[in-house]
Amino acid sequence: MDLLVIGGAGYIGSVVAGQLLAAGHRVTVYDNLVNGHRAAVPDGAAFVHGDVLDLDTLIRVLRRGFDGVLHFAALSLVGESVAEPARYFRTNVGGTVNVIEAMRATGTPRLVFSSTAAVYGVPDEVPIPETAPLRPISPYGASKLATDTLIGYAAAAHGIAAVSLRYFNVAGAWGGLGEDHRPETHLIPLALQVALGQRPHLAIFGSDYPTPDGTCIRDYLHVEDLGHAHLLALEAAQPGQHRIYNLGNGAGFSVREVIETARRVTGHPIPTVAAPRRAGDPPVLVASSERIRAELGWEPRKPDLETIIADAWEWTRAHPHGYPE
Ligand code: UDP
């Protein structure tokens, strides 16, 4: 297929772009390079420097004729979204409004969208199925829920074949592509920066959550496994349907357990300091991925947290300052 990967210079988008190329697809990456990196665009992909908020450019690019869009371009930090809700809605909801309008204007048939576990808020039960109540507790989660809602209506109205993948936590590296956020806010890359000696310690945000060790529990999935789900979603998408799949390993690890694993993998003590809770963080998020396993035959190949962190560590050591600018 001929595919436009919007946000394909970011962490997950670049990995998926690389996997699509490896599977024999033609790939064009569209990215504004605000959070993405030119060096993360895989060899073999064409590149367009464009913004998802620029409808005219999106339409012009899609007019070349594509079989589908994979849309990763979004703001994705829970804490930042609490401070800047309008910016989150503009980029995440407004950006996807543009993607849909551009797809409609050009007759582009398929859409795979990056959604999130944050749409569920504080769940009544874990692991969380797709049928769980949708009660986001952050502007980030609310913006992604609004977007999923829009995609459902747009699939029905315009016959788009759409799939939303609701990511839980993602880490690791694939094909020389890894995680490089500036500033970095995610637990695993920060722990590895401490192990590299780039930071003195790691802050633990909240030790009084209703969990066995008082720290938040998350479900960490290898980016390679997450990426693979996008290729399956693209093949399975059906005109007029909006499918929704949760993506995680189904196992939860606390912040302390993640740090302990990072200590084992790196051989570094990774000192920690206690810090207040971060706004918008639910205590426990663990995925039920039964639906995508049953319907698309997806299965994680690297479910082990130690492997996930080891692959991230290898990339971090090879790129101690991230991608070149
Ligand atoms: N976290 C932490 N210290 C940090 C960064 C993150 O304690 O320096 C916690 C955070 O509160 C959350 C978990 O680690 O409970 C995972 O956070 P991350 O930002 O990696 O992903 P998110 O769950 O926000 O998608």
Side-chain angles (χ1 to χ4, degrees), residues 5-22 27 29-45 47-52 70-81 87-88 91-92 95 114 116 140 167-203 205 218 220-227 230 258-259 261-262 265-266 268 270 278 302 305 307-325:
V5 181
I6 302 176
Y11 171 43
I12 298 169
S14 64
V15 168
V16 173
Q19 292 182 336
L20 290 167
L21 287 164
V27 172
V29 166
Y30 183 100
D31 200 296
N32 67 3
L33 300 182
V34 169
N35 291 320
H37 309 277
R38 184 65 183 82
V41 177
D43 290 344
F47 178 68
V48 176
H49 189 183
D51 198 296
V52 76
L70 296 101
H71 177 31
F72 298 88
L75 300 172
S76 62
L77 302 179
V78 169
E80 185 180 73
S81 79
R87 186 158 80 91
Y88 268 67
T91 298
N92 294 0
S114 304
T116 170
Y140 169 61
Y167 309 164
F168 283 60
N169 289 63
V170 184
W174 179 87
L177 302 164
E179 195 165 3
D180 176 5
H181 301 111
R182 301 183 195 179
E184 187 53 74
T185 64
H186 295 99
L187 180 63
I188 290 175
L190 283 175
L192 298 180
Q193 288 181 3
V194 176
L196 262 192
Q198 295 177 340
R199 294 173 187 266
H201 49 66
L202 183 63
F205 296 146
R218 295 287 181 274
Y220 295 86
L221 183 65
H222 199 296
V223 71
E224 176 180 328
D225 289 327
L226 180 79
H230 292 71
V258 170
I259 296 167
T261 309
V265 167
T266 62
H268 189 279
I270 311 184
R278 191 173 66 178
K302 295 186 170 175
L305 183 62
T307 308
I308 296 172
I309 295 181
D311 285 0
W313 179 228
E314 189 185 326
W315 192 85
T316 304
R317 274 189 303 175
H319 305 81
H321 304 292
Y323 287 107
E325 285 309 310

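Residue numbers start at 1 and run along the sequence shown. Keep in mind that what you see is a predicted model, and the values were worked out from it rather than measured.
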About how many Å separate [atom2] of [Y] and [atom1] of [X], when rounded to the nearest 0.5 Å?
X    : Y    : atom1 : atom2 : answer
K302 : W174 : NZ    : CH2   : 10.0 Å
L202 : L192 : CG    : CG    : 9.5 Å
R218 : L187 : CZ    : CG    : 9.5 Å
Y167 : I12  : OH    : CD1   : 5.0 Å
D51  : T91  : CG    : OG1   : 7.5 Å
Q193 : T316 : CD    : OG1   : 7.5 Å

Let me know which of N169, V15, V170, V16 forms a side-chain contact (heavy atoms from CB on, under 4.5 Å) with L226.
-> V170
How close do [X] and [Y] get, heavy atom to heavy atom, and via which atoms?
X    : Y    : value
V29  : A45  : CG2-CB, 4.1 Å
D31  : A9   : OD2-N, 2.9 Å
A173 : G178 : CB-CA, 4.2 Å
I270 : A262 : CD1-CB, 3.6 Å
G18  : P42  : N-CG, 3.5 Å
H321 : R182 : O-NH2, 3.3 Å

Ignoring hydrogens and angles, tell me if any N or O in the side chain of [X] forms a donor-acceptor pair with the backbone of [Y] under 3.5 Å.
X    : Y    : result
Y88  : A74  : no
H222 : E224 : yes
N92  : L75  : yes
Y30  : F47  : no
Q198 : P320 : yes
E314 : D311 : no

Is the shortest side-chain heavy-atom distance between [X] and [Y] below 4.5 Å?
X    : Y    : value
R38  : H49  : no
Y323 : V41  : no
V5   : L20  : yes
W313 : I188 : no
T266 : L196 : no
N32  : V52  : no
N35  : Y11  : no

For E184 and R199, run salt bridge (charged side-chain N to carboxylate O under 4.0 Å, His left out): C-alpha distance rounded to whole Å, both residues' side-chain angles, the deciding distance at 0.1 Å, then the answer.
-> CA-CA 11 Å; E184 187 53 74; R199 294 173 187 266; over 6 Å; no
In terms of the angle between their ring planes, are H319 and W315 parallel, tilted or perpendicular, with boundaries placed at 30° and 60°?
-> parallel
Aromatic ring pairing H186/H181, orientation class (parallel under 30°, perpendicular over 60°, tilted between) | tilted
